[in-house]
Amino acid sequence: MAAFSSLTDRLTGAFKNLRSKGKLTESDIDGTIREIRRALLDADVSLDVVRSFTARVRERALGAEVSEALNPAQQVVKIVNEELTNILGAGVDRPLNFAKNPPTVIMLAGLQGAGKTTLAGKLGYWLKDSGHTPLLVACDLQRPNAVTQLQVVGERADVPVFAPEPGVQTASSDVVSPGQATGDPVKVARESIEYAKRKLYDVVIIDTAGRLGVDEELMKQARDIRDAVNPNEVLFVIDAMIGQDAVNTAKAFDEGVDFTGVVLSKLDGDTRGGAALSVASVTGKPILFASTGEGLKDFEVFHPDRMASRILDMGDVLTLIEQAQRQFDEKQAREAMTKMSEGEFGLDDFIEQLEQVRKLGSMKKLLGMIPGMAQYRQQIDALDEREIDRTEAIIYSMTPEERRNPSIINGSRRARIAYGCGRTVTDVNNLLDRFEQAAKMMKRMSSGARGIPGVPGYGSSKKNNKSSKKGRKGKSKSGNPMKREAEEKALRNKLAGKGNSSGSAFVKPAAQQMPSLEDLQSQLGAMGGLNGLMGN
């Protein structure tokens, strides 16, 4: 995630010096704490939060749980991960509070420019995708074109908008003083509840006005709207790029409207992420959602433990799995796997799989959820997501027969394909070469009995199996009676799980165990790294 990239690099760098040491001294821990403190301060985390965080980490790192650990460095990382989870809101994360009798009323509050209007559309889209029938309410009647913006966002999200008042319009002839509305936002909010009950909408999302800074007029209007509609949730929308001022702003809104939860916006921007690490700790209110991009789908539930793992470059595999389960067609995936194993995987199937992956969102974001990808940050940042569009253009320029059987594509066909999609013959050649290599690799992976050369734990080749069988068959018993008796006793002990064997006849030998994540990552590095896999 862009918001924490700098913090991730600083923290992972602070742990590097620990991994080479079998026993940690007090000076080693103090040096690491110093680097962590600098990293957090550079990320605009509140000074009070940094002090309490580093004090807890130091106290635990100097305690028995690290000194008695087999791997002290990993134990320190575990402690930092747990404490990060705590300041991000461990124990207070929860789902939305839905009303027993609809509609559920959700009020958005925050400064002007925090992204409330856009976030209202994203929240409406997310609720609709979850089976609800949301209604957006335009109560920001003072910012120019705010009502129009909400209507546009609602149309994109396919969520209806209740907007009886037009608000301030730049094309209007009415002269309105700065900060003054052209209608009564409290009346609009109150009428929206009755409208939702008549039209059977089960969730009402109220978009309120903001200010460039906290003032009493802003708080009074927000309190009046809150008292008029009695919302089930008051969500404080805060810009992740606000930096050190996040704590003061959050405290002011907590005292002014007593918000029930926090939503972080613009986490995809060039921000250091200090707001996320400060707000939940200072206010004690949970961060419920995070906005991670400009698209309607760039919106996710906030999990403190998963976010802490992302910050420490441990990935977020659970979120990746959840997104895949929502978007992937299981039947289509099984059919594709069958074709891979039978060697019948064509470019038609490839384009279908590509479309499935695109449904998950940004490729850079997906790669960022994989553990240990911080070391490939430069390659990920250099990844041009438009390459997928170019690949699709090349494939769609082929005939159905060419897509089913790429081996028939000769020189003249390649020239025709390149001309049809506006690319060069070299681009077509590169795509076909990469597809051929990928098809061979997928076929090897699907036939696990034969194994994957160079990757431990995935079986062995037929040749090796034959030679091992031959070796076992050729082994004869000793002619010496005492030696033969010792051999038979050793065999009985092995079958009974005794002696110097691995412990039991039913325990897999070491070579048959699944490889660790580190093993797989090293193998990927040996196969040419991320750049080679992405075709760059």
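Treat the numbers as computed from the prediction; the structure is a model and nothing was measured.
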**Request:** Report the C-alpha separation of Val188 and Phe162 in whole Å, then their side-chain angles, then the decisive distance to 0.1 Å, and conclude whether the side-chain contact (heavy atoms from CB on, under 4.5 Å) test is met.
**Result:** CA-CA 8 Å; Val188 171; Phe162 181 75; 4.2 Å; yes
**Request:** Report the residues that fulfil salt bridge (charged side-chain N to carboxylate O under 4.0 Å, His left out) with Glu294, sequence neighbours left out, ordered by chain and then residue number.
**Result:** none
**Request:** Could you check Thr208 against Asp140 for side-chain contact (heavy atoms from CB on, under 4.5 Å), going step by step and ending with a plain yes or no?
**Result:** CA-CA 5 Å; Thr208 64; Asp140 184 357; over 6 Å; no
**Fill in**
What one should report as the nearest heavy-atom pair of Phe302 and Ala290 is CD1-CB, 4.2 Å
**Between OG1 on residue Thr54 and CG on residue Leu41, distance to nearest 0.5 Å** = 8.5 Å
**Message:** Quick one, Val229 and Ile206 - any side-chain contact, counting heavy atoms below 4.5 Å?
**Reply:** yes
**Item:** Stepwise side chain to side chain donor-acceptor pair (under 3.5 Å) test for Ser291 and Lys266
**Value:** CA-CA 6 Å; Ser291 175; Lys266 306 179 186 179; over 6 Å; no
**Prompt:** Does the side-chain contact (heavy atoms from CB on, under 4.5 Å) test come out yes or no for Val263 and Ile238, once each step is laid out?
**Reply:** CA-CA 6 Å; Val263 180; Ile238 186 169; over 6 Å; no
**Prompt:** Between Ala138 and Leu141, which heavy-atom pair has the shortest distance, and what is it?
**Reply:** O-CD2, 3.8 Å
**Prompt:** For Lys220 and Glu217, what are the C-alpha separation, side-chain angles and deciding distance, and is it a salt bridge (charged side-chain N to carboxylate O under 4.0 Å, His left out)?
**Reply:** CA-CA 5 Å; Lys220 183 180 182 305; Glu217 186 179 359; over 6 Å; no
For residues 192-202, run the donor-acceptor check on the side chains, cut-off 3.5 Å, and write out each pair with its distance to 0.1 Å, sequence neighbours left out.
from: Ser192; atom 1: OG; to: Ala189; atom 2: O; distance (Å): 2.5
from: Asp202; atom 1: OD1; to: Thr133; atom 2: N; distance (Å): 2.8
from: Asp202; atom 1: OD1; to: Thr133; atom 2: OG1; distance (Å): 3.1
from: Asp202; atom 1: OD2; to: His132; atom 2: ND1; distance (Å): 2.9

**Side-chain heavy-atom pair Leu96, Asn232 within 4.5 angstrom cut-off** = no
**Message:** Closer than 3.5 angstrom, by distance alone: can the side chain of Arg226 be matched with the main-chain N or O of Val257 as a donor-acceptor pair?
**Reply:** yes
**Asked** By ring pair (Phe, Tyr, Trp, His ring centres under 6.0 Å), which residues pair with Phe259, not counting sequence neighbours?
**Response** Phe236
**Fill in**
Distance col, row Glu392:CD vs Ile395:CD1, nearest 0.5 angstrom, shows 7.5 Å
**Message:** In the structure I gave you, are the side-chain heavy atoms of Val137 and Val204 within less than 4.5 Å of one another anywhere?
**Reply:** yes
**Request:** Could you name each residue pair satisfying salt bridge (charged side-chain N to carboxylate O under 4.0 Å, His left out) that touches residues 250-265, not counting sequence neighbours?
**Result:** Asp254-Lys285, Asp258-Lys285
**Prompt:** Does Asp227 use its side chain to pair, donor to acceptor, with the backbone of Asp224 at less than 3.5 Å?
**Reply:** no
**Item:** Closest non-hydrogen atom pair between Glu191 and Pro164, with its separation
**Value:** OE1-CG, 4.3 Å
**Message:** With a 3.5 Å distance limit and no angle check, can you tell me whether Lys122 reaches the backbone of Lys297 through a side-chain donor-acceptor pair?
**Reply:** no
**Prompt:** What's the shortest heavy-atom distance between Val186 and Ala228, and which atoms?
**Reply:** CG1-CB, 3.7 Å
**Asked** Between CZ of Arg403 and CE of Met398, what distance do you get to the nearest 0.5 Å?
**Response** 8.5 Å
Between side-chain atoms of residues 101-120 and protein atoms elsewhere (two or more places apart, or another chain), which donor-acceptor pairs fall under 3.5 Å?
from: Thr104; atom 1: OG1; to: Ala99; atom 2: N; distance (Å): 2.8
from: Lys116; atom 1: NZ; to: Gly110; atom 2: O; distance (Å): 3.3
from: Lys116; atom 1: NZ; to: Leu111; atom 2: O; distance (Å): 3.2
from: Thr117; atom 1: OG1; to: Arg143; atom 2: NH2; distance (Å): 3.1
from: Thr117; atom 1: OG1; to: Asp207; atom 2: OD2; distance (Å): 2.9

**Message:** Nearest 0.5 Å, please: how far is CG in Asp42 from CZ in Arg38?
**Reply:** 9.5 Å
**Message:** Is any side-chain heavy atom of Val159 closer than 4.5 Å to one of Pro134?
**Reply:** yes
**Asked** Is the shortest heavy-atom distance from the side chain of Leu264 to the side chain of Ile287 under 4.5 Å?
**Response** yes
**Val203 side chain near Phe98 side chain, heavy-atom distance below 4.5 Å** = yes
**Asked** How many angstroms lie between atom CZ of Arg51 and atom CZ of Arg56, to the nearest 0.5 angstrom?
**Response** 14.0 Å
**Asked** What are the two closest heavy atoms between Cys139 and Ile225, and how far apart are they?
**Response** CB-CD1, 4.4 Å
**Prompt:** Can you name the nearest heavy-atom pair linking Leu84 to Phe53, along with the distance?
**Reply:** N-CE1, 3.5 Å
**Asked** About how many Å separate CD of Glu300 and CG of Leu288, when rounded to the nearest 0.5 Å?
**Response** 13.0 Å
Throw together a table of side-chain donor-acceptor distances under 3.5 angstrom for residues 414-423, partners on residues two or more places apart or in other chains.
from: Arg414; atom 1: NE; to: Ile409; atom 2: O; distance (Å): 3.3
from: Arg414; atom 1: NH1; to: Asn429; atom 2: OD1; distance (Å): 2.7
from: Arg416; atom 1: NH1; to: Glu402; atom 2: OE2; distance (Å): 3.1
from: Arg416; atom 1: NH2; to: Glu402; atom 2: OE1; distance (Å): 2.8
from: Arg416; atom 1: NH2; to: Glu402; atom 2: OE2; distance (Å): 3.3
from: Arg423; atom 1: NE; to: Asp427; atom 2: OD2; distance (Å): 3.3
from: Arg423; atom 1: NH2; to: Asp427; atom 2: OD2; distance (Å): 3.4

**Asked** Can you say whether the rings of Phe299 and Phe289 are parallel (under 30°), tilted (30 to 60°) or perpendicular (over 60°)?
**Response** parallel
**Message:** Are the side chains of Leu123 and Leu127 in contact, using a 4.5 Å heavy-atom criterion?
**Reply:** yes
**Request:** Measure the shortest side-chain to side-chain distance between Lys187 and Glu165 over non-hydrogen atoms and say whether it is less than 4.5 angstrom.
**Result:** no
